[in-house]
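This report refers to the structure that appears directly beneath it.
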Amino acid sequence: MKQKMKSCCFLLFLEILILLSGCNSYNNDKSANTIRIGVALYTQDDTFISSIVQNLEKIAQQTENKDLKINITIMDGKSNQTTQMEQIDQLIRRNYNFLCVNIVDRTAASVLVDKAKDADIPVIFFNRQPVAEDIERWEKAYYVGSKAEEGGKLQGQIVLDAWLNNKDIYDKNNDNIIQYVMLEGEPAHQDTLLRTEYAIKTLTDNDIMVEKLSSDTANWSKSQAINKTSEWIKQFNNNIEVVFANNDDMALGAIDAFTNAGLNIPLIVGVDAIPPAIEAIKNGTLYGTVKNDAYGVANTMLSLILSLYNNEKINLKLEDEHYLWLPYEIITIENA
Ligand code: GAL
Ligand code: CA
């Protein structure tokens, strides 16, 4: 019995030794040529964000070769800043090489930048833009995204062109004024505030008269947009001439609401150019959208990461030392 115990202990000891040495050489090999990227999302439940992630995974796979592996870990912040912060702590503890952060609360970036700085892990924010002072806290903090006001201007431009060319169709009550409703994204999101403002400003700057019937948040969500728009349809009868939606999911929700009510669909515009929106443009239910470049965001983040990883000069148009901007683009039946 004693003998058996002894040999058992010895075997166990041997096994631990083998495991340890195995682990070590594996780790060394691995960390030498594996880039580990931690991606923290505000929520996984968002069509446009999902498409950024899909692109990131695809491009990473295409970039890999026999000498380089790219390992991506996705964290779902479930729209909760505390949850997201814990996830980032975990990524830092586990020594990830890079952090890509789609921050839940864009006013809460300072703590996060400081944590990344202390651990010397470059942090790339994307899609949800932190305030400038927070990004400027560290030279290795970046933002990749599009200029929100430009998205708004282009959306306004789509409506302006449609109105000028076909006022007889869109001005239902013939008063030369656009009666509109606005479906807004999350309150305080830069894309909500600036798209809303600049879409309308583009029209008024061009001497178009507008009348806001109503506006409200539908939090980027199609189902919330169906409910909101259905209420407005009841409230304003058939007098809505234009529906501005801060994104495509909400524009598609508005289309459903008009269809459910058995009404003709008015002029509806979105932003993002997600595949179902392109389909809707082709079948004539969505008038137009503004392409938000999911591929570009993913590709730019990965290029930046590779430059930093290889210690190369950053071969991208870095503005104000921290910003990588991607252009928006108008999509209508002409180019869908
Ligand atoms: C916007 C996009 C929305 C939503 C949001 C999330 O740029 O248009 O659809 O994804 O980002 O932050
Ligand atoms: Ca009118």
Side-chain angles (χ1 to χ4, degrees), residues 40-55 76-79 81 84 100-106 125-130 143-152 154-155 159 162-163 166-181 183-196 199 203 208-213 217-222 224-225 236-253 266-267 269-277 289-294 296-298 325-329 331:
L41 305 180
Y42 93 94
T43 173
Q44 216 150 23
D45 195 15
D46 177 303
T47 317
F48 179 67
I49 300 300
S50 303
S51 108
I52 295 180
V53 172
Q54 277 163 21
N55 278 293
D76 180 358
K78 299 189 191 301
S79 293
Q81 190 56 65
Q84 184 175 62
C100 293
V101 182
N102 182 222
I103 196 163
V104 174
D105 174 357
R106 41 185 293 263
F125 293 92
F126 65 100
N127 168 267
R128 303 165 73 90
Q129 187 183 346
Y143 178 70
V144 176
S146 300
K147 290 188 173 157
E149 66 263 32
E150 192 192 325
L154 294 183
Q155 192 184 56
V159 174
W163 184 258
N166 284 303
K167 199 185 293 168
D168 45 332
I169 303 177
Y170 298 118
D171 190 9
K172 294 195 218 171
N173 63 351
N174 281 314
D175 66 351
N176 207 25
I177 302 171
I178 299 181
Q179 275 77 29
Y180 74 92
V181 292
L183 286 163
E184 298 182 0
E186 292 163 277
H189 191 301
Q190 84 276 352
D191 289 337
T192 300
L193 303 170
L194 296 172
R195 287 177 190 168
T196 300
L203 293 164
I208 305 292
M209 287 186 287
V210 297
E211 181 190 350
K212 178 164 90 180
L213 298 177
T217 179
N219 291 303
W220 309 122
S221 139
K222 182 173 178 179
Q224 289 186 40
F236 304 112
N237 300 311
N238 202 11
N239 297 327
I240 300 169
E241 294 176 341
V242 175
V243 180
F244 292 90
N246 284 166
N247 78 344
D248 284 343
D249 267 337
M250 297 189 293
L252 295 169
L267 202 162
V269 282
V271 177
D272 283 343
I274 52 173
T289 186
V290 180
K291 184 178 158 198
N292 199 1
D293 194 356
V297 171
W325 296 114
L326 292 152
Y328 279 110
E329 182 192 345
I331 310 280

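All values reported here derive from a predicted model rather than from experimental measurement. Whatever order the structure lists ligands and atoms in, that order sets their numbers, starting from 1.
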* With a 3.5 Å cut-off and no angle check, do the side chains of Thr196 and Asn246 form a donor-acceptor pair? ->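 Note: Thr196 and Asn246 side chains meet the donor-acceptor criterion.
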* Would you kindly say whether Gln224 and Asn219 are connected by a side-chain donor-acceptor distance under 3.5 Å? => yes
* Can you name the N/O/S atom of Asp175 that is nearest the Ca ion (ligand 2)? ->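 Of all N, O or S atoms belonging to Asp175, OD1 is the one nearest the Ca ion (ligand 2).
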* Atom name of the N, O or S atom in Asp171 that lies nearest to the Ca ion (ligand 2) ->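 Looking only at N, O and S atoms of Asp171, the one nearest the Ca ion (ligand 2) is named OD1.
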* Structure fact -> Value for OG (Ser79) from CD (Gln44), rounded to nearest 0.5 Å, stands at 11.5 Å
* **Short N-O contact, Asp191 and Arg195, less than 4.0 angstrom** => yes
* For residues Tyr143 and Phe126, establish whether the separation of their ring centroids is below 6.0 Å. =>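 Centroid distance Tyr143-Phe126: not below 6.0 Å, so no.
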* Asked: Yes or no on side chain to side chain donor-acceptor pair (under 3.5 Å) for Lys167 and Asn176, after CA distance, side-chain angles and deciding distance?
  -> CA-CA 8 Å; Lys167 199 185 293 168; Asn176 207 25; 2.9 Å; yes
Look at [X] and state whether any of its N, O or S atoms is less than 3.0 Å from the Ca ion (ligand 2).
X	result
Glu211	no
Ile177	yes
Asn173	yes
Gln179	yes

* To do: Provide the closest heavy-atom pair for Ile177 versus Glu241 in the form atom of the first, atom of the second, distance.
  =>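 Nearest heavy atoms, Ile177 then Glu241: O-OE1, 2.9 Å.
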* Go through the steps for Asn173 and Asp175 under the test side chain to side chain donor-acceptor pair (under 3.5 Å), then give the verdict. => CA-CA 6 Å; Asn173 63 351; Asp175 66 351; 3.2 Å; yes
* Yes or no on side chain to side chain donor-acceptor pair (under 3.5 Å) for Gln179 and Glu211, after CA distance, side-chain angles and deciding distance? -> CA-CA 5 Å; Gln179 275 77 29; Glu211 181 190 350; 2.8 Å; yes
Under a 3.5 Å threshold, I'd like every N/O contact between ligand 1 and protein atoms, with atom names and distance.
from	atom 1	to	atom 2	distance (Å)
ligand 1	7 (O)	Asn127	ND2	3.1
ligand 1	7 (O)	Asp191	OD2	2.6
ligand 1	7 (O)	Arg195	NH2	3.1
ligand 1	7 (O)	Asn292	ND2	3.1
ligand 1	8 (O)	Arg195	NH1	2.9
ligand 1	8 (O)	Arg195	NH2	3.4
ligand 1	8 (O)	Asp272	OD1	2.6
ligand 1	8 (O)	Asp272	OD2	3.3
ligand 1	8 (O)	Asn292	ND2	3.4
ligand 1	9 (O)	Asn247	ND2	2.9
ligand 1	9 (O)	Asp272	OD2	2.7
ligand 1	10 (O)	Asp46	OD1	2.8
ligand 1	10 (O)	Asp46	OD2	3.0
ligand 1	11 (O)	Asn127	ND2	2.9
ligand 1	12 (O)	Asn127	OD1	2.6
ligand 1	12 (O)	Arg128	NH1	3.0
ligand 1	12 (O)	His189	NE2	2.8

